[in-house]
Amino acid sequence: MSISEPPARFADLQSIDDPVFRRAGIRCSILRLDTFSSYANGNKFFKLKQNILQAKAQGFTRMLSFGGAFSNHIHALALAGRHFGISTVGIVRGDNLSVLNPTLTDAVAAGMELQFISRQDYKRRNDADFLNYVRGQYPDCFVVPEGGSNVLGVQGCMEIIDHIHSHEVGRGGLIVVPCGTAATLAGIAAACDNGEKVLGFSVLKNSHYLDAEVEKFIADLSIESRDNWTISHDYHCGGYAKLSTELVSFIDKFEQQHNIPIEPVYTGKMLFGLHQMLQLPHQSIAAGTHVIAVHTGGLQGGRGMVEKMQRKRMSIASPK
Ligand SMILES: *Cc1c(COP(=O)(O)O)cnc(C)c1O
């Protein structure tokens with residue numbers, strides 16, 4: 001199969017019946033990027049797709065990128081690389097990982113070569129001199145930045161709109177997406193129809209710089225700037241991969257009510273933020289809106305959050 005072919009199938013758009021949305025007069029559907037394929041899981045596949053195409057077009061047979069020990073990006077690179085016939089190298093933060101965790105076990109099983117580096121070195125992953133050094137060590141590798149957040153990554157995310165529009169009810173909605181680097185949001189905003197809007201939920205603390213990042217990502221596509229998107233910075237729950245008891249309770253309840261697995265770092269946090277926002281006295285999403293929440297996947301990385309979530313549940317069960 002060639003990577004430029006259209007996907008074998010489109011992601012499901014699953015309508016959910018939830019009292020909080022119902023009370024606000026809002027329809028909500030979940031775009032299931034978490035389930036639409038075994039090798040192309042979540043938004044990270046979209047961020048990689050054009051990078052893989054470009055690597056192949058330039059004659060590379062190997063790709064290299066960077067990530068933490070539970071990185072969805074590293075996992076997606078390993079799986080997509082195997083599927084599309086390109087070798088992969090993962091530069092992983094942490095030099096003391098003698099026992100592989102489930103993420104890295106999967107990556108190695110998919111044929112990825114791992115190189116561990118210290119947290120200190122990892123901080124330099126975007127520095128020009130460090131990248132030159134890496135390219136010297138791996139001259140046959142096409143290098144992709146952490147998270148796949150380059151212009152090719154943004155271009156790939158424009159395709160998420162095709163998955164939404166493949167559904168009859170998928171046009172004209174408010175598309176909601178979690179934001180780390182906001183490259184995914186930028187791609188979706190760039191590809192939206194007139195009248196469609198995008199609302200991002202930042203999963204990071206002090207993330208107002210993301211607004212300028214989105215402008216930059218869209219400018220890099222050489223298209224006009226867009227005014228169809230906003231990012232909420234109010235629901236990070238303390239920062240990246242940080243949990244609150246409210247967040248964990250929400251996720252447990254949501255999974256039980258809707259039978260949709262979510263994780264607390266991205267999609268769970270976005271849905272929590274959306275729920276909180278809808279319960280504000282003057283919330284800004286108009287009645288009659290169709291909210292299309294993008295489930296960006298990440299369930300494999302959620303395996304690294306199980307214990308942390310359990311500790312929060314214990315603190316709920318026995319408050320001080
Ligand atoms: C990386 C990631 C995101 C964030 O994507 P950005 O393009 O960096 O904003 C969202 N959800 C999941 C599951 C991810 O792995």
Side-chain angles (χ1 to χ4, degrees), residues 11 30-37 40-51 65-80 90 93 103 106-107 125-126 144-161 175-191 198-204 207-218 220-221 229-233 235-237 239-241 251 260-274 293-305:
I30 311 280
L31 184 75
R32 300 293 303 271
L33 296 186
D34 58 318
T35 52
F36 84 102
S37 141
N41 203 294
N43 68 325
K44 288 301 186 287
F45 171 74
F46 291 88
K47 298 174 82 176
L48 281 166
K49 183 175 172 182
Q50 296 298 327
N51 278 292
S65 196
F66 308 88
F70 279 98
S71 165
N72 293 323
H73 169 64
I74 287 290
H75 195 266
L77 177 62
L79 267 62
R93 180 183 59 220
T103 300
D106 291 351
R125 65 196 175 277
N126 295 319
V144 180
E146 181 186 57
S149 296
N150 56 9
V151 65
L152 293 166
V154 176
Q155 260 167 20
C157 288
M158 292 174 74
E159 261 184 49
I160 294 172
I161 279 289
I175 300 158
V176 181
V177 64
C179 295
T181 64
T184 304
L185 176 139
I188 293 172
V198 191
L199 169 61
F201 281 88
S202 171
V203 303
L204 314 165
S207 58
H208 286 274
Y209 66 90
L210 286 180
D211 296 290
E213 291 286 303
V214 174
E215 299 281 3
K216 214 164 11 154
F217 283 133
I218 291 177
D220 285 347
L221 296 171
W229 59 271
T230 49
I231 297 177
S232 162
H233 300 276
Y235 302 101
H236 53 71
C237 304
Y240 183 73
I251 289 173
I260 298 175
I262 51 178
E263 47 64 63
V265 182
Y266 294 106
T267 300
K269 216 170 249 190
M270 162 191 74
L271 290 169
F272 173 68
L274 187 57
V294 181
H295 190 320
T296 49
L299 296 169
Q300 79 75 30
R303 296 178 293 186
M305 299 297 291

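In each ligand, atom 1 is the first atom listed, and ligand 1 is the first ligand listed.
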Side chains of Tyr266 and Asn72: closer than 4.5 Å at any heavy-atom pair?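 Counting from C-beta outward, Tyr266 and Asn72 do come under 4.5 Å.
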Just so I know, are the side chains of Ile160 and Leu31 near enough to count as touching, which here means a heavy-atom distance under 4.5 Å?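 Heavy-atom side-chain distance check passes, below 4.5 Å.
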Residue portion contacting ligand 1 (non-hydrogen atoms closer than 4.0 Å) for [X]:
X      : value
Thr181 : both
Glu263 : neither
Asn43  : side chain

Give the residue and atom name of whichever protein heavy atom lies nearest to [atom], and the separation in Å to one decimal.
atom                    : result
atom 1 (C) of ligand 1  : Lys44 NZ, 1.3 Å
atom 10 (C) of ligand 1 : Tyr266 CD2, 3.2 Å
atom 11 (N) of ligand 1 : Thr296 OG1, 2.6 Å

Derivation of the side chain to side chain contact (heavy atoms under 4.5 Å, CB included) call for Lys47 and Asn51: CA-CA 7 Å; Lys47 298 174 82 176; Asn51 278 292; 5.7 Å; no
Closer than 4.0 Å to some heavy atom of [X] - which atoms of ligand 1 meet that?
X      : result
Gly298 : 13 (C)
Thr184 : 5 (O), 6 (P), 7 (O)
Gly297 : 13 (C)
Asn72  : 13 (C), 14 (C), 15 (O)
Cys179 : 9 (O)

Quick one: do the His233 and Ser207 side chains pair a donor with an acceptor below 3.5 Å?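 Present: a donor and an acceptor within the cut-off.
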Partners of Ser232 by side chain to side chain donor-acceptor pair (under 3.5 Å), sequence neighbours excluded?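 With sequence neighbours excluded, Ser232 shows a side chain to side chain donor-acceptor pair (under 3.5 Å) to no residue whatsoever.
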Please confirm whether Lys47 approaches ligand 1 to less than 4.0 Å, judged on its heavy atoms.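 Within the 4.0 Å threshold, so yes.
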Pair Thr181-Glu213, side chain to side chain contact (heavy atoms under 4.5 Å, CB included): steps then yes or no: CA-CA 8 Å; Thr181 64; Glu213 291 286 303; over 6 Å; no
Spacing of CG belonging to Leu48 relative to SG belonging to Cys157, to within rounding of 0.5 Å: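 Output value for this atom pair is 9.5 Å.
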How are the rings of Phe36 and Phe45 set relative to one another: parallel (under 30°), tilted (30 to 60°) or perpendicular (over 60°)?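 Judged by the thresholds at 30° and 60°, the geometry between Phe36 and Phe45 is perpendicular.
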Give yes or no for whether the N/O distance cutoff of 3.5 Å, strictly under, is met between Ala182 and ligand 1.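 Yes; the residue has a nitrogen or oxygen that sits under 3.5 Å from a nitrogen or oxygen of the ligand.
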N/O to N/O below 3.5 Å, does that happen between Gly180 and ligand 1?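 N/O-N/O distance under 3.5 Å: yes.
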Side chain to side chain contact (heavy atoms under 4.5 Å, CB included), that's the test. Do Trp229 and Asp211 meet it? Break it down for me. CA-CA 9 Å; Trp229 59 271; Asp211 296 290; 3.4 Å; yes
